[in-house]
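Okay, so here's the structure we're looking at.
Side chains are part of it too, since the values below use all heavy atoms of this structure and drop only hydrogens, waters and symmetry mates.
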Amino acid sequence: MALFVYNTLTHQKEEFKPLKDKVVNMYVCGVTPYDEVHLGHARCYVAFDVIRRYLEYSDYTVNYVQNFTDIDDKIIKRAQEVQIDPLALAQKNIEEYFKDINALNIKKAKAYPKVTENIAEIIKIIDNLVNKGYAYAVDGDVYYRVAKFQKYGALSKRDVSQLKSGARVEIDERKEDPLDFALWKKEKPGEPSWPSPWGSGRPGWHIECSAMSLHELKTATLDIHGGGQDLIFPHHENEIAQSEGSTGKLFAKYWLHNGFVTINKEKMSKSLGNFFTLKQIYQKHSPAAVRLFLISQHYRSPIDYSEDKITEAAKGLDKFQNVLENMREMVNQINLDAIGKKFTAAPEICQQMEDKFTAAMDDDFNTAEALAVLFEMTNAINIEMEQKELDLVKLSYMSRTLVRLGQVLGLFAPGSALRTAEDKLKGKNISVPEVERLLARREEYRRQKKWAESDQVRDELLAKGIILEDTAHGTRWKVKE
RNA sequence: GGUGCGGUACCCAAGUGGCUAAGGGAGCAGUCUGCAAAACUGUUAUUCGGCGGUUCAAAUCCGCCCCGCACCUCCA
């Protein structure tokens, strides 16, 4: 089976073939760090993290680059509002970005270029565009000459003449055409600026991605360029115009765009004010549950957020957690190599599950279906554990497959694995030592068969949202979400 | 107005021409358990927004209609 991806550029699913065999150069538009990270951002970066992980699972070397647009109108505006230096504001938000995003178990990019560290590269491209006639300077500003770029509108499927009649484009007398957009903006008093051949100023919004992808990945043509659907027009359309105008080569082979997070079916966005930051959500839910929620639906479809849905995702996570903890108790000590003589091959079901999993993921990263395979595997393991005579080697193979495939989706990875005890108690009015103290007391009651007292302790814990499970190997506890 | 996406059970959500319409949550009944929880078993869509059409065969293709959302302006 081959991997097929939906390419926004061609509006269809295509077989994925990178330029160079087994190497994928991938650039995903990062955030403009003027505010906190919200769930919409998380969806984008989780989606592309899954894509990256699956490509790596499929034996590709992935060069993943994601930028920070750390100087921009919005940063300047916000900085003025809170009376802080724009670059310091951006820096602070970048630090917060990593805190919030890392919790979601997102793999590090190869590089995180910033606009402010790539001014020279940006100027170089603008200069090149001016020399080729794709751009013109007016009064300290530099604009892109959209009419000169024949393919303009191809990505977003827009007709240039329609755009003009749309009348929503701002009229600026100095521009040759209302569609022309700024590559370089003349310095304004009190704003950060850099020297350039056209005078002091700063880069326009779209140029940084053209410059930084070229600079960081050393290739005119990217294999994958990703981002949110809201960036298709004008941002990505403009990037194509800039990059291809400058290099004369195809900018990106595959354009992948993730769908929005919505609330009550409406797009979650800063402008509508209906957004939830990750910090807000983390107060009530674990990042792992947020991640599972985000991948429970295909990355291109809109996903509607609600508290209940994250809670549902948390329950799914519990299901995985339960099976893995039960497994751990049973097969923890098994050395597969030592017992290998008896059971040399992995059971057939492992290969079947893996085949189903890859078939789902090969179809434009269908995580919803892939997830179903993991639940099927979970069920199969549970059934196997019900058997009178346990086949521990088989169980071990099965759980290894579950974990390995789960990790492709970024679930239960080592490190950020499942939820830790402290993580579980987030927002609860009780500490881990306290729980353990009560458990010990209940254990003593149970030993003495004082059921009433024992149940009282259990009820007490339940009232605080803690559920107990008595197993053959002792009592386990978890938190009701 | 232009462009695009979607409407599948109580809820979420896969499936885009042919095996019994995945999977998760919720509910109900049962097994297990000191009792629970977890887990397991059974059960909840003769039907896929509506109406026509094509076909031996359609949730899947075509036409029309109804409804929802997004983009065309900063947004992941």
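The side chain to side chain contact (heavy atoms under 4.5 Å, CB included) check on K114(A) picks up F68(A), D70(A), Q91(A), I94(A), T116(A), E117(A), with sequence neighbours excluded. Evaluation of the side chain to side chain donor-acceptor pair (under 3.5 Å) rule for Q80(A) yields no partner, not counting sequence neighbours. Legend: residues meeting side chain to side chain donor-acceptor pair (under 3.5 Å) with E444(A), ordered by chain and number and at least two apart, are R447(A), Q448(A). Residues forming a salt bridge (charged side-chain N to carboxylate O under 4.0 Å, His left out) with D72(A) (at least two apart in sequence, or on another chain): none. Listed by chain and residue number, A79(A), V82(A), A88(A), L89(A) satisfy the side chain to side chain contact (heavy atoms under 4.5 Å, CB included) test with I84(A) (two or more places apart in sequence, or in another chain). By the side chain to side chain donor-acceptor pair (under 3.5 Å) test, D35(A) pairs with R78(A), sequence neighbours left out. Here K309(A) pairs with nothing under the side chain to side chain donor-acceptor pair (under 3.5 Å) rule; sequence neighbours left out.
Closest-nucleotide positions on RNA chain B for S296(A) and D470(A) were compared, and the one nearer the 5' end corresponds to S296(A). Comparing R442(A) and F375(A), the nucleotide of RNA chain B nearest to each residue sits closer to the 5' end for F375(A).
Taking the ring centroids of Y254(A) and H225(A), they lie at or beyond the 6.0 Å cut-off. Under the 6.0 Å cut-off for aromatic ring centres, H236(A) and H206(A) do not qualify, their centroids lying 6.0 Å or more apart. The ring of H38(A) has its center no closer than 6.0 angstrom to the ring center of F276(A). The six-membered or imidazole ring of Y64(A) lies away from that of F48(A), with a centre-to-centre distance of 6.0 Å or more.
With both ends at atom P, the span from G1(B) to U8(B) equals 25 Å, rounded to whole Å. Across the C1' atoms, G6(B) and G50(B) are found 16 Å apart, a figure rounded to whole Å. Using C1' as the reference atom, A9(B) and C64(B) are 28 Å apart when rounded to the nearest Å. Between the P atoms of C10(B) and U46(B), the separation comes to 9 Å (whole Å). Going from the C1' atom of G68(B) to that of G49(B) covers 11 Å, rounded to whole Å. Taking atom C1' in both U3(B) and U20(B), one finds a spacing of 41 Å when rounded to whole Å. Taking the P atom of each, G53(B) and A13(B) are spaced 32 Å apart, rounded to whole Å. G30(B) and A37(B) have their P atoms separated by 13 Å, with the value rounded to a whole Å.
Of the candidate nucleotides A22(B), A37(B), C12(B), C12(B) has the atom nearest to the side chain of K309(A). If you check C35(B), A76(B), G15(B) against the side chain of L231(A), the one that comes closest is A76(B). Comparing C74(B), A76(B), C69(B) by their closest approach to the side chain of P234(A) singles out C74(B). Here A76(B) is the nucleotide among A76(B), A37(B), C35(B) with the atom lying nearest to any side-chain atom of H41(A).
Residue contacts shown for M268(A) include a base, since a base heavy atom lies under 4.0 Å away. Within 4.0 Å of V373(A), counting heavy atoms only, lies no atom of the nucleic acid at all.
Side-chain N/O atoms of E312(A) and base N/O atoms of G24(B) include a donor-acceptor pair closer than 3.5 Å. Side-chain N/O atoms of N366(A) and base N/O atoms of G15(B) include no donor-acceptor pair closer than 3.5 Å. If you check distances only, the side chain of D73(A) never reaches the base of C74(B) with a donor-acceptor pair under 3.5 Å.
Taking a pair as Watson-Crick or G-U with both hydrogen-bonding distances under 3.5 Å, the stems of three or more pairs touching RNA chain B are B:1-7 with B:66-72, B:10-12 with B:23-25, B:26-31 with B:39-44, B:49-53 with B:61-65.
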Contacts under 3.5 Å, N or O only, protein and nucleotides 3-7 of chain B:
unit_1, atom_1, unit_2, atom_2, d
G4(B), OP1, K157(A), NZ, 3.1

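Distance alone, capped at 3.5 Å, places no donor-acceptor pair between the T367(A) side chain and the S296(A) backbone. For the pair N93(A) (side chain) and P33(A) (backbone), a donor-acceptor distance under 3.5 Å is present.
Taking a 4.0 Å limit (strictly below) on heavy-atom distances, residues 42-52 of chain A reaches RNA chain B at C44(A), Y45(A).
Listed by first then second residue, pairs satisfying salt bridge (charged side-chain N to carboxylate O under 4.0 Å, His left out) with a partner in residues 36-47 of chain A number zero, not counting sequence neighbours.
Note on K394(A) versus E384(A): salt bridge recorded, some NZ/NE/NH1/NH2 to OD/OE distance being below 4.0 Å.
We find that the ring of W451(A) and the base of G34(B) stack, their centres lying under 5.5 angstrom apart and their planes tilted less than 30°.
Using cut-offs of 30° and 60° on the angle between ring planes, the pair F293(A) and Y305(A) is perpendicular.
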Worksheet item: What is the per-nucleotide protein-contact pattern of nucleotides 38-43 of chain B, from the 5' end, where B denotes a base atom under 4.0 Å from a protein heavy atom, S denotes such proximity for sugar-phosphate atoms only, and - denotes neither?
Response: SSSS--

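Using a 4.0 Å cut-off, some side-chain N or O of Q297(A) falls inside it from OP1 or OP2 of A13(B).
Rounded to an integer number of Å, the gap from NE2 of H236(A) to P of C72(B) is 13 Å.
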